[in-house]
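Here's the structure, in structure tokens; my notes come after.
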Protein chains: 2
Amino acid sequence: MTRTASNAATAEPDASSAAASGVEVGDNSLDQLIGYNLKRVYILLQMDFREALAADDLSARVFSALSVTVEHPGISQSDLARQLGIERSGLVAIVDLLEQRHLVQRVAVPGDRRVQALHPTDAGRETYARALATVHRHEEAFFDMVTPQERDQLLAILRKIRRTAE
Amino acid sequence: MTRTASNAATAEPDASSAAASGVEVGDNSLDQLIGYNLKRVYILLQMDFREALAADDLSARVFSALSVTVEHPGISQSDLARQLGIERSGLVAIVDLLEQRHLVQRVAVPGDRRVQALHPTDAGRETYARALATVHRHEEAFFDMVTPQERDQLLAILRKIRRTAE
DNA sequence: CCGGGATTGTTTAGCTGCTAAACTGTTATA
DNA sequence: TATAACAGTTTAGCAGCTAAACAATCCCGG
């Protein structure tokens, strides 16, 4: 600050170039970038998702951990972390939460005293079933401006990218 | 804790259900969810993006702010925040950074002493041009497993979602 | 012309969701 | 049996946001 603009950087900044009026949205290079649009859509989706799963008091991360645990009972935390693409250290808090809420149990494995196998409880399975239904309804609603074909295309493309880049 | 699993929740957790072996990846309900795949792809993209723009020492957020400023010289911080979909308070640090690096200037506006119009410097325009080229090359490389048609489809779908949901 | 309300930029505190590094206990292997 | 590898955990820290409060300034109705 202090320096109140004059010969500072060439092209005289006269504060009259584009501002003042409305600044219409949607005419940026950003809007031509897949990455930027992906980010914006992801943010929208997360907000919606949070709201949708608020009833079951589940965040996206906790939901995904519960999902894999229910569908792979007995999975180790290391394998779960690998599957979710996060660090083992980051998973601890998530499993702590699931265990506190009696949705998942850490069970000692006879053969190997290092690993804690994760098993869903009945409540865990029920909560998951309910939450999954909610999520499906949520996706239906969120993507309702997109045709079923486009939804299929979107999913297929995203999966293709993951398969290659992951 | 303390309660070491026994009759805790019904179905006896015997730690032999699915673990132990390999736990193949890709057979979860999660992988059928657009939202989850979107998240994973977004994370991959962000990692790649960070690396690509490390040369110019720009994060995604700073790059996007610079982009809009260059393409809308004289824009106010409030309008910029609106355009980027973030809070004004969150933008302050970004603009601070851009100004410290002499890529953007805050310029007092004669008519309204509240607003600080943002103007790119020559260095800002140059850096942006270089970074934008880098980003384009990055997107080419990142999405090279996806056909040009699929890329167009992806972009179109994402933009459609934003147009409606935003 | 003046007083209430809106707006701009800003600071501060706090949240979420991660990682990286270090550590313990345990198992596998050379 | 020493050494490496692995599982889970704790701690510290970062990025990238939001929400709330605030001062300065502008706008507008009466």
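Reminder, nothing fancy here: chain letters follow the sequence lines and each chain counts from 1.
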Quick one: which of C:dA20, D:dC26, D:dG8 gets closest to the side chain of A:E87?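 Of the candidates, C:dA20 comes closest.
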
Closest approach to the side chain of B:V115, judged atom by atom: which nucleotide of C:dT10, C:dT19, C:dG9 is it?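 Nearest to the side-chain atoms of B:V115, counting from C-beta on, is C:dG9.
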
B:D56/B:R130 ion pair, N-O < 4.0 Å: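 Salt bridge: yes.
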
Which whole-number value in Å describes the distance from [X] [atom1] to [N] [atom2]?
X	N	atom1	atom2	result
A:Q46	D:dT18	CD	C1'	15 Å
A:L98	D:dG8	CG	C1'	16 Å
B:Q77	C:dT11	CD	C1'	13 Å
A:Q116	C:dG25	CD	P	14 Å
A:I86	C:dG17	CD1	C1'	9 Å
A:Y42	C:dC18	OH	C1'	10 Å
A:L91	C:dG17	CG	C1'	13 Å
B:D112	D:dT25	CG	P	10 Å

Are B:I161 and B:L154 connected in a single hydrophobic cluster, I mean Ile/Leu/Val/Met/Phe/Trp/Tyr linked by side-chain heavy atoms less than 4.5 Å apart?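 Per the 4.5 Å side-chain linkage, B:L154 and B:I161 are co-clustered.
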
Take A:R114 and A:I94, find for each the nucleotide of DNA chain C with the closest heavy atom, and name the residue whose nucleotide sits nearer the 5' end.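 The residue closer to the strand's 5' end, by nearest nucleotide, is A:I94.
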
Residue mapping more 5' on DNA chain C - nearest nucleotide basis, B:S78 or B:K39: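 Final value for this comparison: B:S78.
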
On the side chain of A:R88, is there an atom forming a donor-acceptor pair with the base of D:dA7 - under 3.5 Å, no angle test?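 When only heavy-atom distances are counted, A:R88 does reach the base of D:dA7 through a donor-acceptor pair under 3.5 Å.
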
Check this for me: does the side-chain of B:R113 come within 3.5 Å of the base of D:dT25 through a donor and an acceptor?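 There is none.
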
Contacts to DNA chain C from residues 54-65 of chain A, heavy-atom cutoff under 4.0 Å, which residues?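 Result for residues 54-65 of chain A: A:R61, sorted by number.
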
Passing option when B:E99 is tested against B:Q105, B:Q116, B:R106 for side-chain hydrogen bond (donor to acceptor under 3.5 Å, both in side chains):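 Result for side-chain hydrogen bond (donor to acceptor under 3.5 Å, both in side chains) with B:E99: B:R106.
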
Verify, without hydrogens or angle tests, whether B:D48 (side chain) and B:H138 (backbone) share a donor-acceptor contact under 3.5 angstrom.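 Checking the backbone N and O of B:H138 against the side chain of B:D48, no donor-acceptor pair under 3.5 Å is found.
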
Between the main-chain N or O of A:L84 and the side-chain N or O of B:R40, is there a donor-acceptor pair closer than 3.5 Å?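 Between the backbone of A:L84 and the side chain of B:R40 there is a qualifying donor-acceptor contact (under 3.5 Å).
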
Just call it for A:S89: base, sugar-phosphate, or nothing, with non-hydrogen atoms closer than 4.0 Å on any strand.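 Base, at least one base heavy atom under 4.0 Å.
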
Between the side chains of A:N28 and B:H72, does any donor sit under 3.5 Å from an acceptor?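 Per modelled atom types, A:N28 and B:H72 side chains form a pair under 3.5 Å.
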
Establish, with yes or no, whether the OP1 or OP2 oxygen of D:dA7 is under 4.0 angstrom from a side-chain nitrogen or oxygen of A:R106.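 Answer no for this pair, as no side-chain N or O of A:R106 is under 4.0 Å from OP1 or OP2.
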
Please give me the minimum heavy-atom distance between A:R101 and A:D57, naming the atom from each residue.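 Scanning both residues, the minimum pair turns out to be NH1-O, 2.6 Å.
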
